[in-house]
Amino acid sequence: RWQQLHIQGGLLTQLGELAAAGQRLTAEQTQLASALTLLREQHQAKDAEVAQLRLSYKDLQQQVQAQEKLLEQEQRIQALEAHRAQLQPGEACPLCGSESHPAISAYQALDVSATKALLTSKRAELETLTEQGRQLVGELEKLAARLEQQQQQFDRGQQAQAEQGERWQALSAQLENPLADALGLAQLQAQQSSELQQLQKQLEQLQQLNTTLEQRQQARLNLQQHCS
């Protein structure tokens, strides 16, 4: 029985170490799970921000293109200023022969410099959005890299937990009463310790009885030698 308890004690020690390692790993996995949740939320928010910026960029790009087309038209009209200046109401146009010139006042109101200024402003806004887009995409890529790294770490932790479970089952199967989990380990360790103490006490009593017996035998031998 002493040998059985000794073997079981070794198994319980290994199971205790495994249980402690499992608790540490569980705590790490819990922290990683929380970090992964936060990273996913941050990644989704950043991804939505990038998507919104792309929509804004597309809209502003269309505005720039429209402004460029408008400026081209105004510059083409301005290039005909000499002919336009000679047009008078009621007189025939030297180019088309028309005596009606309804767009003269509109042409005279054209402000190419204002169109250029607005185009420059729109292009500056577009460049600003472009730079913001580069920064956001960079931040999104960093978040994705961190997310992938921590996901891999979490997956490794899950694999380690599975291996710990298999190791636990293998060790527990060698006990007289296998343990399903760490809940009964402390109770079994206490029972093991109590039984060992009882055996140790019995062993000490036997050793004491053996010593007393040897002393009596030696005394009897001495007495026999003295009488002879």
Side-chain angles (χ1 to χ4, degrees), residues 24-163:
R24 291 193 297 271
L25 184 56
T26 298
E28 292 173 1
Q29 288 294 94
T30 300
Q31 292 179 348
L32 273 175
S34 298
L36 279 170
T37 299
L38 179 60
L39 276 175
R40 290 191 187 101
E41 292 174 352
Q42 292 176 342
H43 186 272
Q44 290 175 355
K46 190 66 66 175
D47 191 44
E49 194 175 351
V50 169
Q52 182 59 47
L53 186 66
R54 283 173 177 163
L55 290 176
S56 299
Y57 181 89
K58 183 177 180 180
D59 179 66
L60 187 58
Q61 190 177 45
Q62 290 175 347
Q63 293 182 39
V64 168
Q65 292 172 350
Q67 203 66 24
E68 288 174 341
K69 185 176 182 180
L70 177 60
L71 178 62
E72 181 182 354
Q73 292 174 345
E74 290 183 352
Q75 287 176 333
R76 187 181 300 114
I77 292 172
Q78 191 178 49
L80 299 175
E81 183 177 2
H83 294 288
R84 187 176 67 249
Q86 295 176 3
L87 291 177
Q88 297 297 328
E91 295 183 1
C93 174
L95 296 178
C96 65
S98 175
E99 296 181 355
S100 176
H101 319 297
I104 290 180
S105 59
Y107 290 157
Q108 291 174 345
L110 290 177
D111 189 349
V112 176
S113 61
T115 304
K116 285 183 177 180
L118 183 57
L119 177 59
T120 300
S121 175
K122 293 293 183 181
R123 284 174 173 171
E125 290 180 29
L126 192 63
E127 183 60 32
T128 298
L129 283 184
T130 301
E131 183 58 32
Q132 289 178 355
R134 293 193 189 100
Q135 292 179 358
L136 284 178
V137 169
E139 294 171 3
L140 186 63
E141 290 174 350
K142 289 180 181 179
L143 280 174
R146 286 177 57 196
L147 186 58
E148 181 180 4
Q149 179 184 13
Q150 296 211 4
Q151 183 63 57
Q152 291 176 352
Q153 186 177 350
F154 183 79
D155 292 343
R156 288 194 296 269
Q158 286 188 315
Q159 179 63 32
Q161 285 179 316
E163 293 172 356

K.L.:
Could you pull out all residues at least two apart from Arg156 that satisfy side chain to side chain donor-acceptor pair (under 3.5 Å)?
P.N.:
none
K.L.:
What heavy-atom pair brings Leu126 and Leu60 nearest, and what distance separates the two atoms?
P.N.:
N-CD2, 3.3 Å
K.L.:
What are the two closest heavy atoms between Gln158 and Gln29, and how far apart are they?
P.N.:
N-NE2, 3.4 Å
K.L.:
Can you tell me how far apart CG (Leu129) and NZ (Lys58) are? Round to the nearest 0.5 Å.
P.N.:
15.0 Å
K.L.:
For Glu68, which residues count as a side chain to side chain donor-acceptor pair (under 3.5 Å) partner, sequence neighbours excluded?
P.N.:
Arg123
K.L.:
Locate the shortest heavy-atom distance separating Arg54 from Val137; write the atom from each residue and the value.
P.N.:
NH2-CG2, 4.4 Å
K.L.:
Measuring from atom CG of Leu147 to atom CZ of Phe154, what distance do you get when rounded to the nearest 0.5 angstrom?
P.N.:
12.0 Å
K.L.:
Which residues pass the side chain to side chain donor-acceptor pair (under 3.5 Å) test with Arg24, not counting sequence neighbours?
P.N.:
none
K.L.:
Under the salt bridge (Lys or Arg N to Asp or Glu O under 4.0 Å) rule, collect the residues that match up with Glu139, sequence neighbours excluded.
P.N.:
Lys46
K.L.:
Does the side chain of Gln153 come within less than 4.5 Å of Gln149's, by heavy atoms?
P.N.:
no
K.L.:
How long is the span from the OG atom in Ser56 to the CD atom in Glu125, to the nearest 0.5 Å?
P.N.:
11.0 Å
K.L.:
Under the rule for side chain to side chain donor-acceptor pair (under 3.5 Å), what residues qualify as partners of Glu72, not counting sequence neighbours?
P.N.:
Arg76
K.L.:
Look up atom CD in Gln161 and atom CD in Gln159, then write down how far apart they are to the nearest 0.5 Å.
P.N.:
10.5 Å
K.L.:
Please tell me if the side chains of Gln73 and Lys69 come closer than 4.5 Å, counting only heavy atoms from C-beta onward.
P.N.:
yes
K.L.:
Mind checking the CG-CD spacing from Leu136 to Glu131? Nearest 0.5 Å is all I need.
P.N.:
10.0 Å
K.L.:
Can you name the nearest heavy-atom pair linking Ala160 to Leu25, along with the distance?
P.N.:
CB-CD2, 3.7 Å
K.L.:
Please tabulate, for side-chain N and O atoms in residues 35-45, each donor-acceptor pair with protein atoms closer than 3.5 Å (sequence neighbours left out).
P.N.:
from: Thr37; atom 1: OG1; to: Ala33; atom 2: O; distance (Å): 3.0
from: Arg40; atom 1: NH2; to: Gln151; atom 2: OE1; distance (Å): 2.8

K.L.:
Can you find a heavy atom in the side chain of Gln67 that is under 4.5 Å from one in the side chain of Lys116?
P.N.:
no
